[in-house]
Amino acid sequence: MKNRELSEIFEKIGDILEFKGDSSFRVNAYRKAARVLQDLTEDIEVIQREGRLRSIPGVGEGIAKKIAEYLETGRMSKYEEVRRGISDELIKLMSIPGVGPKTVALVHEKLGIENIEGLERAVREGRLRDLPGLGAKKEENILKGIKLLQEAGKRISIGVALPLVERIMDGLKRRAKVKQVYPAGSLRRMKETVGDIDILTTGAEGGKIIEAFTSAPGVKEVLACGETKGSIIAEGGIQVDLRVVPQESYGSALQYFTGSKAHNIHLREIAKSRGMKISEYGIFRGEERLGGEREEDIYSILGLSYIPPELREDRGEIEAAQEGKVPQLVEESQLRGDLHVHSQWSDGTATIEEIALKAKEMGYEYIAICDHSQSLKFAGGVSVEDMAKKLDQIDRLNRGLKGIRILSGTEVDIRTDGTLDYPDELLERLDLVIAAIHTGFKQPEEQITQRIISALENPHVDIIAHPTGRLISSREAYNVNMGEVLSKAAETQTALEINAYYDRLDLNDVGCRRAMELGVKLSIGTDAHHLDQLWMVRLGVAVARRGWVGPEQILNTWPLERLLVWLKKRSG
DNA sequence: GCCGTTTTCGGCCCGACTGTTTTCAGTCG
């Protein structure tokens with residue numbers, strides 16, 4: 001898959017052209033192409049072979065030629081041409097908040113500045129204030145910007161941001177008179193990571209609401225505190241913005257601040273073509289205000305069906321809404337069980353009984369206990385002998401417990417040679433077999449892919465867990481050819497897991513969408529090792545929704561009987 | 001560079017803030 005490489009090249013061309021002062025429309029064209037390639041569910045090489053490059057939105061004659069050139073020769077002459085004499089460090093100057101292409105070009109040309117250190121030195125020596133359009137104040141802001149860039153907290157997982165924002169909103173409701181409080185931005189779209197958090201609220205006394213927000217416990221730093229907007233750094237170094245908006249434009253503000261940017265731009269283009277205009281204040285025809293109090297207004301006035309926030313990435317959802325074909329997405333309430341939980345038998349902290357009772361309390365019909373297999377010593381892998389005892393225990397519990405069914409499972413390791421870490425005779429006795437890679441992450445693509453293919457070919461394997469192995473905070477995905485894995489999974493009718501653990505979220509949204517298009521079944525599992533991690537199922541549902549997945553595709557929306565029949569048929 | 005229920009040429013999203021200006025350019029979300 002060269003999709004990612006091409007996306008990065010076009011992004012870079014966009015950056016360099018912007019720096020060079022090229023037409024902003026051309027810059028945007030490259031950036032759009034970069035984004036579309038990033039989100040593409042199909043392999044760009046396949047599309048190229050079949051002569052369909054031009055059918056990709058945002059890919060016209062010029063970009064199609066460049067893609068073809070790169071795929072055929074491994075090089076792109078346009079890229080090589082624009083980056084001549086331009087260093088990465090120079091381009092990086094544009095990432096300083098408050099510093100854009102014009103400023104970089106100016107200091108580069110007039111002062112010969114090449115990197116952040118050079119810029120900082122020039123500012124300290126007071127050499128910037130003599131340049132046209134720059135002054136002492138701007139110098140000060142650049143220093144602040146450099147500091148901000150260096151301290152900038154990385155993006156954090158949605159699984160970390162969500163509990164944080166809920167605490168903040170609860171506190172706000174207690175401490176101030178707010179009518180509505182709702183998160184917006186990437187958090188509302190449930191993107192897998194968020195860079196900052198936006199919260200929207202309505203209420204009569206804006207100043208007091210902002211005051212309550214900025215003086216709340218847990219606030220590390222107050223960046224702004226006005227009548228309509230407050231901005232803080234919360235624990236963990238993440239920035240949180242609160243905006244108070246008038247009731248009559250609450251819907252349009254929510255729509256506007258939810259984004260994504262690309263989605264909003266596309267909507268405004270449609271509005272414009274129909275003689276209307278959208279802003280955070282409402283939707284207008286000339287002076288006449290057509291709506292804005294409710295978010296749904298914006299979509300319905302444009303003749304679109306409502307688009308759930310998780311889909312708003314300009315990945316085709318607007319076209320779907322024009323045709324009334326927005327998919328029915330899976331909902332958390334439709335899940336009947338969690339298919340990946342660890343108990344004390346391996347490295348979990350709860351007993352099977354405690355897990356089962358908690359699952360029942362959560363309204364589940366079933367819960368799958370999937371402990372690690374024998375050779376994973378560091379994770380307390382269960383030996384073959386212990387597995388027999390564990391199965392007895394599950395049988396006993398199932399006879400005693402009412403209203404919840406414990407499924408006996410395992411997360412069996414796919415060893416470095418592609419064999420599984422339990423004999424087939426044992427796997428056959430289990431209700432559910434999840435297979436996963438936990439070792440040999442550095443192997444080359446063919447080898448890793450072949451390991452997973454071998455697992456997929458084993459008739460006892462029902463699900464492949466965390467198919468790419470990435471950890472959001474710390475580890476890249478291993479080299480796996482996901483195209484081959486998906487085709488094989490479709491062929492063997494094996495499910496792929498959406499691992500809902502906050503640091504994994506693996507498959508991700510684009511992976512889910514590819515799976516769905518190929519008819520590959522999915523399962524959602526929290527990979528919980530504690531009872532208080534079972535809530536993360538929400539995150540898995542969010543990934544599925546962002547991947548356009550409906551309930552039918554997901555094993556654990558099925559009633560117990562149907563799931564058991566499917567599992568039995570497979571292993572036979 | 002892309003794209004077309006006005007267009008194959010001439011458009012290309014919207015508003016706010018900041019700082020340096022005296023009417024506006026640059027940057028941001």
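Being a predicted model, the structure only gives us computed values, none of them experimental. Lettering of chains follows the sequences in order, A, B, ..., and the numbering in each one begins at 1.
A salt bridge is defined here as a Lys NZ or Arg NE, NH1 or NH2 lying under 4.0 Å from an Asp or Glu carboxylate O, and A:Glu166 with A:Arg538 meets this definition. Comment: A:Glu192 engages A:Arg470 in a salt bridge, judged by a side-chain N to carboxylate O separation of less than 4.0 angstrom. Salt bridge A:Glu18/A:Arg31: present, at least one basic N to carboxylate O contact under 4.0 Å.
Contact between the side-chain N/O atoms of A:Asn28 and the OP1/OP2 oxygens of B:dC2 is not found at any separation under 4.0 Å.
Remark: A:Leu187 CG to A:Leu164 CG distance equals 9.0 Å, nearest 0.5 Å. Note that the OG atom of A:Ser87 and the NE2 atom of A:His108 stand 7.5 Å from one another [nearest 0.5 Å].
More than 12 non-hydrogen atoms from other residues, nucleotides or ligands lie less than 6.0 angstrom from NZ of A:Lys20.
Taking atom C1' in both B:dG10 and B:dG15, the straight-line distance is 24 Å, to the nearest Å. Here, B:dT5 and B:dG1 have their C1' atoms 24 Å apart, quoted to the whole Å. B:dA16 and B:dT22 are spaced 24 Å apart, taking the P atom of each and rounding to whole Å. If you take atom P in B:dT6 and the same atom in B:dG11, they sit 16 Å apart, rounded to whole Å. To the nearest whole angstrom, the two C1' atoms, one in B:dT7 and one in B:dC2, are 14 Å apart. Taking atom C1' on both nucleotides, B:dT20 is separated from B:dG26 by 11 Å, rounded to a whole Å. Rounded to a whole angstrom, the distance from the C1' atom of B:dC17 to that of B:dC12 is 24 Å.
In this structure, CG of A:Leu134 is placed 9 Å from P of B:dT21, rounded to the nearest angstrom. Here the P atom of nucleotide B:dT18 and the CD1 atom of A:Ile142 are 17 Å apart, to the nearest Å. Whole-Å rounding puts the A:Lys78 NZ to B:dG1 C1' distance at 9 Å. Rounded to an integer number of Å, the gap from CG of A:Leu267 to C1' of B:dC14 is 13 Å. Computed from coordinates, the A:Glu18 CD to B:dG1 P distance equals 16 Å when rounded to whole Å. One atom, CG of A:Leu131, and another, C1' of B:dG19, lie 15 Å apart when rounded to the nearest Å. The interatomic distance linking A:Ile265 (CD1) with B:dG15 (C1') rounds to 13 Å, in whole Å. If you measure from atom NZ of A:Lys229 to atom P of B:dC17, you get 9 Å, rounded to the nearest angstrom.
Looking at heavy-atom distances under 4.0 Å, A:Lys65 makes no contact with the nucleic acid at all. At the heavy-atom level, A:Ala136 lies under 4.0 Å from the strands shown only through sugar-phosphate atoms. At a threshold of 4.0 angstrom between heavy atoms, the contacts of A:Ile278 are confined to the sugar-phosphate backbone, with no base atom among them. At a threshold of 4.0 angstrom between heavy atoms, the contacts of A:Ile63 are confined to the sugar-phosphate backbone, with no base atom among them.
The closest side-chain donor-acceptor pair between A:Tyr306 and A:Glu295 falls under 3.5 angstrom. Between the side chains of A:Gln239 and A:Ser231, at least one donor-acceptor pair of N or O atoms lies under 3.5 Å.
Within the shown strands, B:dG29 is the pairing partner of B:dC14 under the Watson-Crick or G-U definition, both distances less than 3.5 Å.
Among the nucleotides B:dG19, B:dG1, B:dC14, the one closest to any side-chain atom of A:Lys277 is B:dC14.
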Give me the distances for all protein-to-nucleotides 3-7 of chain B N/O pairs that come in under 3.5 Å?
{"from": "B:dC3", "atom 1": "OP1", "to": "A:Gly58", "atom 2": "N", "distance (Å)": "2.8"}

**Request:** Indicate for each nucleotide in nucleotides 24-29 of chain B, in 5' to 3' sequence, whether protein heavy atoms under 4.0 Å reach the base (B), only the sugar-phosphate (S), or nothing (-).
**Result:** --SSSB
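With contacts defined as side-chain heavy-atom distances shorter than 4.5 Å, the pair A:Ile298/A:Ser252 qualifies.
Shortest non-hydrogen contact noted between A:Gly324 and A:Ser305 is CA-OG, 3.8 Å. The two residues A:Pro308 and A:Val326 have their closest heavy-atom pair at CD-CG1, 3.9 Å.
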